[in-house]
Colleague: 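Take this structure first; my questions come after.
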Number of protein chains: 2
Amino acid sequence: MDLKALVRLQESLAKLPSIGKKSAERMAFAMLEMEDEDLNEFADAIKELKTKIHLCPICGNITEDDECYICKDESRDRETILVVSSPKDVIAFENAEGYRGLYHVLGGTISISKGKGIEDLNIASLIKRVEEDNIKEVIIATNPTVDGETTALYLAKLLDNKGANVTRLAYGLPMGGNLDYADALTLAKAIEGRRKI
Amino acid sequence: MDLKALVRLQESLAKLPSIGKKSAERMAFAMLEMEDEDLNEFADAIKELKTKIHLCPICGNITEDDECYICKDESRDRETILVVSSPKDVIAFENAEGYRGLYHVLGGTISISKGKGIEDLNIASLIKRVEEDNIKEVIIATNPTVDGETTALYLAKLLDNKGANVTRLAYGLPMGGNLDYADALTLAKAIEGRRKI
């Protein structure tokens with residue numbers, strides 16, 4: 001075939017998550033039929049992504065400003081920090097709208113399989129914030145996975161005796177979920193964490 | 001949120017076929033973690049797509065050269081033209097490897113619902129090729145849909161008495177398919193088109 005430009009685009013598209021060879025081909029053909037304006041906008045958006053976005057020096061969340069909009073927001077509860085592993089988690093909590101405190105983004109979890117250790121995570125600045133910013137509570141919200149649990153336990157140990165309560169998100173049945181579909185571990189955790197009603 | 005660059009990219013990604021808001025978000029975040037080099041390559045591939053690729057003046061297939069590699073290939077059977085609606089179909093037939101003739105790409109099908117008429121398709125040049133290039137057979141391979149059938153019948157009428165046999169692809173059961181899953185129309189066509197073995 002004499003379509004190097006198309007193949008080149010397909011190769012880039014296939015690097016996106018959950019896009020295989022066939023989907024990449026379909027997308028590339030669809031892009032051939034898109035307006036020039038839309039394609040230029042797409043290319044510019046990609047080019048600008050990394051130049052515009054960087055990590056907030058306080059919490060490690062992604063931002064386009066000097067500091068992220070949450071760290072700058074004086075109306076939030078500035079005595080509570082919710083610790084998450086990635087910026088995506090911040091968006092999930094913000095969309096849920098139940099939390100009004102600050103965040104701290106670790107940029108991953110401790111992972112032996114991925115060779116990610118303590119020094120690769122944004123932990124030192126968390127300790128500093130807890131020590132210096134009069135933090136009353138640190139809620140650890142890493143994922144309920146082996147790596148997430150390891151990270152949570154490690155952080156809890158590090159934050160011991162720093163003056164803040166360290167808590168972990170509740171485990172249990174997902175809302176709107178079906179008992180039939182819950183796995184055994186979730187059910188066991190739901191029983192363990194039962195509350196008086 | 002203060003992440004205009006991310007939202008902008010998500011909007012572009014959401015214009016791709018079968019990519020919804022959630023997938024676009026996931027992709028944009030994945031792209032944040034991609035290497036700068038890969039992102040630049042991606043953006044450049046998009047920018048180059050339309051500047052490099054255009055339609056072959058003979059058959060209407062996409063190409064990066066003056067004429068497409070099939071039209072230029074002297075080893076092919078130059079007395080047969082397979083008529084398809086889109087360049088994707090050419091690739092499908094080339095991958096199947098059963099066909100060694102030439103192609104003609106209509107750039108769509110006659111479609112009342114999409115307001116696509118005869119004048120929007122690459123038909124005039126097909127008639128010219130059949131009349132001038134000593135074509136013995138025109139195989140019409142539009143999709144087996146209402147629009148595809150309409151287009152096929154219209155072309156057959158136009159090409160009548162131009163000296164070439166006009167044929168249509170066979171209908172029937174897909175190879176490796178299961179009788180249980182075949183729809184009634186396909187089964188009826190399969191019986192209608194039965195052959196002696």
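Naming: A, B, ... by sequence-line order, numbering from 1 per chain. It should be emphasised that the depicted structure is a prediction, and the values quoted were computed from it without experimental measurement.
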Colleague: Of all of Ile70(B), Leu9(B), Thr51(B), which one pairs up most often with chain A through heavy atoms under 4.5 Å apart?
Modeller: Leu9(B)
Colleague: Out of Glu94(A), Lys50(A), Lys52(A), return the one with the most heavy atom pairs under 4.5 angstrom to chain B.
Modeller: Lys50(A)
Colleague: Could you check which of Ala43(B), Ser18(B), Ser86(B) has the highest count of heavy-atom pairs closer than 4.5 Å to chain A?
Modeller: Ala43(B)
Colleague: With Leu3(A), which of Asp65(B), Leu49(B), Ile53(B) fulfils side chain to side chain contact (heavy atoms under 4.5 Å, CB included)?
Modeller: Ile53(B)
Colleague: Side chain, backbone, both or neither: which part of Phe29(B) has an atom under 4.5 Å from a heavy atom of chain A?
Modeller: side chain
Colleague: Using a 4.5 angstrom heavy-atom cutoff, name the option from Leu32(A), Leu39(A), Asp36(A), Asn40(A) with the most pairs to chain B.
Modeller: Leu32(A)
Colleague: Please answer: with hydrophobic residues joined when any side-chain heavy atoms are less than 4.5 Å apart, are Ile127(B) and Ile110(B) in the same cluster?
Modeller: yes
Colleague: Is Lys72(A) atom NZ crowded by more than 12 heavy atoms from other residues, nucleotides or ligands, each under 6.0 Å away?
Modeller: yes
Colleague: Could you state the interatomic distance from CG (Leu16(A)) to CG (Leu16(B)), rounded to the nearest 0.5 Å?
Modeller: 8.0 Å
Colleague: Determine the option with the most heavy-atom pairs under 4.5 angstrom with chain B, choosing from Arg26(A), Glu41(A), Met34(A), Glu48(A).
Modeller: Glu41(A)
Colleague: So how far is it from Arg8(A) CZ to Ile46(B) CD1, rounded to the nearest 0.5 Å?
Modeller: 10.5 Å
Colleague: Under 4.5 Å between side-chain heavy atoms, hopping through other hydrophobics if needed: is there a path connecting Ile58(A) to Ile135(A)?
Modeller: no
Colleague: Spell out, yes or no, whether Val146(A) and Ile140(A) are grouped together once hydrophobic residues are joined by side-chain heavy atoms under 4.5 Å, including indirect joins.
Modeller: no
Colleague: What's the spacing between Ile19(B) CD1 and Met27(A) CE if we round to 0.5 Å?
Modeller: 3.5 Å
Colleague: Is Leu153(B) linked to Leu121(B) within one hydrophobic cluster, defined over Ile, Leu, Val, Met, Phe, Trp and Tyr using a side-chain heavy-atom separation of less than 4.5 Å?
Modeller: no
Colleague: A quick test of your reading: do over 12 heavy atoms of other residues, nucleotides or ligands sit less than 6.0 Å from CG of Asp66(B)?
Modeller: no
Colleague: I'd like to verify something: which residue of Met31(B), Glu33(B), Glu11(B) has the highest number of heavy-atom pairs under 4.5 Å with chain A?
Modeller: Met31(B)
Colleague: For the hydrophobic clusters of this structure (ILVMFWY residues joined by side-chain heavy atoms under 4.5 Å, transitively), does one cluster hold both Tyr171(A) and Phe93(A)?
Modeller: no
